[in-house]
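Working notes, beginning with the structure itself.
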Amino acid sequence: MAGYEHRALEAKWQTYWAENQTFATPSDRTRPKYYVLDMFPYPSGVGLHVGHPKGYVATDVVARARRMLGYNVLHVMGWDSFGLPAERQAVREDISPQQVTERNIATFKRQLTMLGLSYDWSRELATSDPSYYKWTQWIFARLFERGLAFEAEVPVNWCPALGTVLANEEVKDGVYIETGDAVERRSMRQWMLKITDYAESLLATLGDVNWPEGIKKMQQDWIGRSEGATVRFQVDGSNREVEIFTTRPDTLFGCTYLVLAPEHPLVEDITAPEHLGAVNDYREQVSRRSDRERTSDAADAPKTGVFTGASAVNPINGERVPIWIADYVLASYGTGAVFACPAHDERDHAFARTFDLPIRQVVLGGEDVQKAAYTGDGPHINSGFLDGLDNAAAISAAIERLRIGERGERTITYRLRDWLFSRQRYWGEPVPVIHVNGETRLLPDSSLPVELPRLDDYRPTGDGQPPLARAEDWLHTTDPVTGEPALRETNTMPQWAGSCWYYLRFIDPHNDKAPWDPEEEKYWMPVDLYVGGAEHATLHLLYARFWHQVLHDLGYVSTREPFQRLFNQGMIHGQSYRDARGKYYYRREVEERDGAWYTLDGVPVTARREKMSKSKYNVVTPEDMCEEYGADSLRLYELFMSPLEDGGDWETSGVAGCRRFLDRVWRVATDPGKLVSEPVEAAEMERALHGAMKRVREGVESLRFNTAISDMMVFINEATKADKVPLAWFDAFVRILAPFAPHIAEELWRMLGHSTSVAHAALPEHDEAKLKLDIVTIAVQVNGKMRGSVEVPADADKSTLLAAARAEQNVARYLEGATLKREIVVPGRLVNFVVG
RNA sequence: GCCGAGGUGGUGAAAUUGGUAGACACGCCAGCUUCAGGUGCUGGUGGGGGUAACCCCGUGAAGGUUCAAGUCCUUUCCUCGGCACCA
């Protein structure tokens with residue numbers, strides 16, 4: 001009575017799909033292709049919770065629907081399996097990261113398989129597999145050859161808790177964004193990738209891709225293009241020059257001092273002896289402040305700084321201005337030096353007020369510039385040859401004058417910095433270079449992959465070398481070209497390396513001659529739909545685009561951009577319960593009474609929606625859902641609960657609701673005599689069916705599946721109520737249900753007498769004519785207020801509509817004795833009488 | 001502080017893009033079925049008033065445009081994401 005046996009049924013079809021390779025990627029090239037990709041997961045030790053599969057289910061629906069629309073679909077899954085957590089877990093459990101990773105992958109794969117996702121598992125890959133990272137190293141070699149990978153002694157983000165450096169993109173407010181561990185500045189020899197060479201290119205093609213505007217904006221802001229000028233100031237009484245960057249060269253006449261970043265290399269040279277003490281104290285004080293302190297109270301913090309005793313000559317008017325140092329000027333942006341125009345820049349203004357430096361107005365507008373900076377447009381004054389010009393004209397004129405005098409030129413600066421590409425860890429790709437007599441040499445492709453050696457201990461060495469330095473036999477090698485003794489590189493690549501190109505390897509994952517076959521690449525690229533979380537906006541997505549554009553410049557790939565369409569799925573939150581002391585409770589340990597929550601012992605707790613996490617006791621696992629309600633019900637609920645981009649709060653009762661829907665579907669199919677081969681007069685049911693068919697197709701385009709599912713529910717509600725349901729209608733229904741609930745659909749499909757998988761049946765197309773109603777209900781308003789409704793033929797003309805509307809009892813009451821001023825008729829919708 | 005997205009029943013959400021607000025589902029209520037129910041079926045369910053027909057109010061708040069506003073405009077409040085001395 002209850003419904004169908006989901007456990008046996010789902011197991012049966014999952015086995016069938018595997019045995020029959022139902023989802024093998026087609027090899028014929030006559031059909032259109034569709035490459036639909038999920039951001040592959042890092043296989044963590046804790047496994048999946050129900051928040052993870054939302055995106056996977058959505059892409060699976062798209063993949064299945066596209067197959068049914070006649071596309072060759074590439075739909076694959078793999079593992080971003082290098083990374084710090086596995087290494088730490090390995091140390092904790094005293095086993096190897098390889099073992100940890102293997103185990104975690106097995107868990108993830110089991111959980112994903114259970115959901116009935118239609119991946120071509122024969123293309124599964126893992127970034128930590130030598131047959132994969134061989135080609136990651138191969139791409140690194142190409143970057144190195146082009147001068148895009150280089151070593152440098154640079155100030156880095158060092159994270160003592162992790163024992164490694166981090167990229168700028170991984171650090172926010174002085175802490176590692178993943179773990180919240182503190183980060184400090186340090187100078188170290190590191191591998192860098194010259195992503196800044198691609199700043200312009202990465203901006204340029206952002207317009208060509210179908211991505212959420214928000215993500216594009218974030219990438220634009222991260223790259224941070226800024227147009228302005230570099231200007232060289234002669235240091236007074238010296239042949240040295242201070243080079244500054246400015247977006248406002250038009251305000252050079254308002255310059256009353258110069259500011260260098262405390263770390264600026266020129267500071268030592270120019271500081272006057274009597275100021276040396278103060279300058280050194282200040283630099284010391286600044287260097288002691290952590291990034292966290294410096295960024296957390298940025299912006300509106302009081303300005304600090306000291307005078308160097310030196311002065312510089314303003315090239316635009318020959319004026320001498322003092323040179324200060326201050327930490328509001330960043331060493332890492334522009335040239336690490338600015339000229340200050342306090343009248344027209346808020347930061348300079350605050351600094352000038354603090355140290356009583358002159359403020360000279362050069363642009364007309366605003367209030368008193370002694371009180372507040374004016375940053376708007378206006379005619380220039382006190383500016384010699386710029387007088388009278390507006391900002392834009394003055395900027396051009398100033399730059400032209402500087403250029404002629406060889407004191408400056410137009411310049412574009414980017415916020416983006418080069419990518420710090422080494423990590424002092426074990427569990428990552430070895431960098432394929434060797435060091436011979438202090439010289440770094442790229443290993444020839446023939447010696448790839450450089451495999452990770454097995455270690456007994458994965459911690460850094462006693463003298464602070466990365467863990468790989470422990471592998472003596474591995475570390476000491478010979479140059480395969482010259483035979484000279486050599487040392488291997490002990491830094492490894494960051495986790496982002498493997499994910500920068502995995503979408504390319506999926507195209508041809510078993511190729512051992514090349515990273516991919518060019519013909520295959522041409523067929524499958526670009527990725528048509530890429531689905532994942534928005535947290536990768538400036539990390540993975542920027543890095544992958546960078547590698548892809550380099551590969552494109554080298555002729556290895558055929559598209560400029562890797563991901564044609566990007567879609568961000570929202571995060572699913574779980575309900576958590578916490579008492580006043582902050583202790584969390586499981587759902588089964590609490591109960592609701594009169595709208596408030598208590599533990600079973602009566603301790604009041606607060607219920608909150610939070611990110612699912614083991615420590616918050618609010619994790620719901622896909623296993624539990626599959627066991628109790630079945631994968632099909634879980635899949636439906638993931639999509640039914642909210643639009644894909646919205647995330648939402650997990651409610652297990654909602655899964656039960658989806659299960660009830662499937663049970664009703666089952667009953668419609670199995671009620672004796674319900675399904676009939678003869679036509680049935682049931683316009684409502686037929687309309688519901690065609691509405692659902694339409695919505696399913698729209699959903700595949702818009703990735704809004706919640707309304708498609710509710711329309712399928714409407715059809716089943718109609719079918720449940722009806723005595724007879726035409727077989728042909730139900731047949732079509734099973735096919736639109738199939739992408740969402742593939743197991744039950746496959747079973748029903750066979751019950752309907754088909755002998756091949758529903759996965760390759762044709763997705764039915766709706767008939768627009770069937771959506772039209774013969775009789776429509778028209779709203780009748782008087783003065784814009786609803787006073788009744790009337791049923792009229794859909795094609796009724798205006799006068800018929802008005803007559804019917806007037807005849808409506810309640811409406812007639814309102815019209816009686818009133819003067820009719822106006823009649824509004826919207827055919828098929830409403831009639832509005834405006835009366836006086 | 002700046003930039004972006006969003007505020008609709010007890011809950012998740014719909015709303016053909018200016019035309020009957022709340023589809024569908026959860027939850028709740030009532031009835032039927034059942035030895036039993038974390039079952040199934042039927043009906044009800046935005047708030048207030050009324051025996052009823054109906055009436056009034058209602059999409060964060062306040063104004064405005066319009067015959068008509070969840071939808072358009074102005075102001076404002078709140079929530080969530082991103083950036084944060086970028087010269």
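Predicted model, so just to flag it, every value in this text is computed and none were measured. The chains referred to below are lettered A, B, ... by the order of the sequence lines, with proteins before strands, and numbering in each begins at 1.
The distance from the CG atom of Asn568(A) to the CG atom of Asp646(A) is 11.5 Å, given to the nearest 0.5 Å. Between atom CD of residue Glu628(A) and atom CZ of residue Arg7(A) there is a gap of 8.5 Å, rounded to the nearest 0.5 Å. Once rounded to the nearest 0.5 Å, the distance linking CG of Asn168(A) with CD1 of Ile195(A) reads 10.5 Å. A distance of 6.0 Å separates CG in Leu644(A) from NZ in Lys54(A), rounded to the nearest 0.5 Å. Annotation: the span from Glu718(A) atom CD to Thr720(A) atom OG1 amounts to 9.0 Å, rounded to 0.5 Å.
Residue whose closest nucleotide on RNA chain B sits further toward the 5' end, between Lys217(A) and Gly334(A): Lys217(A).
With a 4.5 Å cut-off on side-chain heavy atoms, Asn391(A) and Val363(A) count as touching. When side chains are defined from C-beta on, Val790(A) does not count as touching Val831(A), because their heavy atoms never get closer than 4.5 Å. Taking 4.5 Å as the limit, some side-chain heavy atom of Phe740(A) sits within range of a side-chain heavy atom of Val696(A).
In this structure, Lys303(A) is not positioned above the aromatic face of Phe351(A) in the sense of NZ or CZ being under 6.0 Å from the six-membered ring centre and within 45° of the axis. A cation-pi arrangement, defined by a distance under 6.0 Å to the six-membered ring centre and an angle within 45 degrees of its axis, is present between Arg659(A) and Tyr4(A). In this structure, Arg545(A) is positioned above the aromatic face of Trp211(A), its NZ or CZ under 6.0 Å from the six-membered ring centre and within 45° of the axis.
Separating the C1' atom of G9(B) from that of C26(B) is a span of 13 Å, rounded to the nearest Å. Nucleotides C72(B) and U59(B), compared at atom C1', are 16 Å apart to the nearest Å. Nucleotides A52(B) and G60(B) place their C1' atoms 36 Å apart, quoted to the nearest Å. Taking the C1' atom of each, U66(B) and G50(B) are spaced 33 Å apart, rounded to whole Å. A69(B) and G18(B) are spaced 7 Å apart, taking the C1' atom of each and rounding to whole Å. Using C1' as the reference atom, U75(B) and G81(B) are 25 Å apart when rounded to the nearest Å. Atom C1' of C32(B) sits at a distance of 14 Å from the matching atom of U39(B), rounded to the whole Å. Spacing of C1' atoms, G70(B) relative to G6(B), comes out at 13 Å, to the nearest Å.
The nucleotide G9(B) finds no pairing partner, because no Watson-Crick or G-U wobble arrangement with both distances shorter than 3.5 Å includes it. Base pairing of G18(B): no nucleotide in any strand meets the Watson-Crick or G-U wobble criterion (both distances under 3.5 Å). Partner assigned to U76(B) is G60(B), using Watson-Crick or G-U wobble distances below 3.5 angstrom. Nucleotide C28(B) is matched to G44(B) when pairs are restricted to Watson-Crick or G-U wobble geometry with both distances under 3.5 angstrom. Taking a pair to require two hydrogen-bonding distances under 3.5 Å in either a Watson-Crick or a G-U wobble arrangement, C2(B) pairs with G82(B).
Using a 4.0 Å heavy-atom cutoff across all strands shown, Thr538(A) reaches no nucleic acid atom at all. Within 4.0 Å (heavy atoms only), Gly224(A) reaches no atom of the nucleic acid at all. Ser789(A) comes within 4.0 angstrom of no nucleic acid atom, judged by non-hydrogen atoms across all strands. Residue contacts shown for Glu628(A) include a base, since a base heavy atom lies under 4.0 Å away. At the heavy-atom level, Lys785(A) lies under 4.0 Å from the strands shown only through sugar-phosphate atoms.
Checking C83(B), G82(B), C67(B) against every side-chain atom of Met218(A), the shortest atom distance belongs to G82(B). In this structure, of C24(B), C83(B), A87(B), it is C83(B) that holds the atom nearest to the side chain of Lys172(A).
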Nucleotide N/O to protein N/O under 3.5 Å, stretch nucleotides 48-55 of chain B:
{"residue": "C55(B)", "atom": "OP1", "partner": "Arg787(A)", "partner atom": "NH1", "Å": "3.0"}
{"residue": "C55(B)", "atom": "OP1", "partner": "Asn810(A)", "partner atom": "ND2", "Å": "3.1"}
{"residue": "C55(B)", "atom": "OP1", "partner": "Tyr814(A)", "partner atom": "OH", "Å": "3.0"}

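Against the 90° criterion about 0, the sugar-base torsion of U17(B) places it in the syn range. Syn is the glycosidic conformation of G9(B), whose angle stays within 90° of 0.
For Asn717(A), a side-chain nitrogen or oxygen approaches OP1 or OP2 of A25(B) to under 4.0 Å. Phosphate proximity of G27(B) to Arg660(A): present, with a side-chain N or O under 4.0 Å from OP1 or OP2.
Listed by residue number, Asp327(A), Tyr328(A), Val329(A), Leu330(A), Tyr333(A) are the residues of residues 321-333 of chain A with a heavy-atom contact under 4.0 Å to RNA chain B.
The nearest whole Å value for the distance from the CD atom in Glu213(A) to the P atom in G6(B) is 13 Å. Put simply, CG on Leu634(A) is 16 Å from P on C26(B), counting in whole angstrom units. Nucleotide G82(B) holds its P atom 9 Å from the CD1 atom of Ile177(A), rounded to whole Å.
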Please report, to 0.1 Å, the donor-acceptor pairs under 3.5 Å made by any side chain of residues 255-263 of chain A, with sequence neighbours excluded.
{"residue": "Thr256(A)", "atom": "OG1", "partner": "Pro358(A)", "partner atom": "O", "Å": "2.9"}
{"residue": "Tyr257(A)", "atom": "OH", "partner": "Asp348(A)", "partner atom": "O", "Å": "2.9"}
{"residue": "Glu263(A)", "atom": "OE2", "partner": "Arg294(A)", "partner atom": "NH1", "Å": "3.4"}

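With sequence neighbours left out, the salt bridge (charged side-chain N to carboxylate O under 4.0 Å, His left out) criterion links Lys217(A) to Asp221(A). A search for side chain to side chain contact (heavy atoms under 4.5 Å, CB included) contacts involving Tyr176(A) returns Leu162(A), Leu166(A), Glu170(A), Glu178(A), Thr179(A), Val183(A), not counting sequence neighbours.
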Sequence-aligned protein contact record of nucleotides 9-19 of chain B, with B where the base is within under 4.0 Å of a protein heavy atom and S where only the sugar-phosphate is: ---BSS-B--B
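One can find a donor-acceptor pair under 3.5 Å joining the base of C85(B) and the side-chain atoms of Lys303(A).
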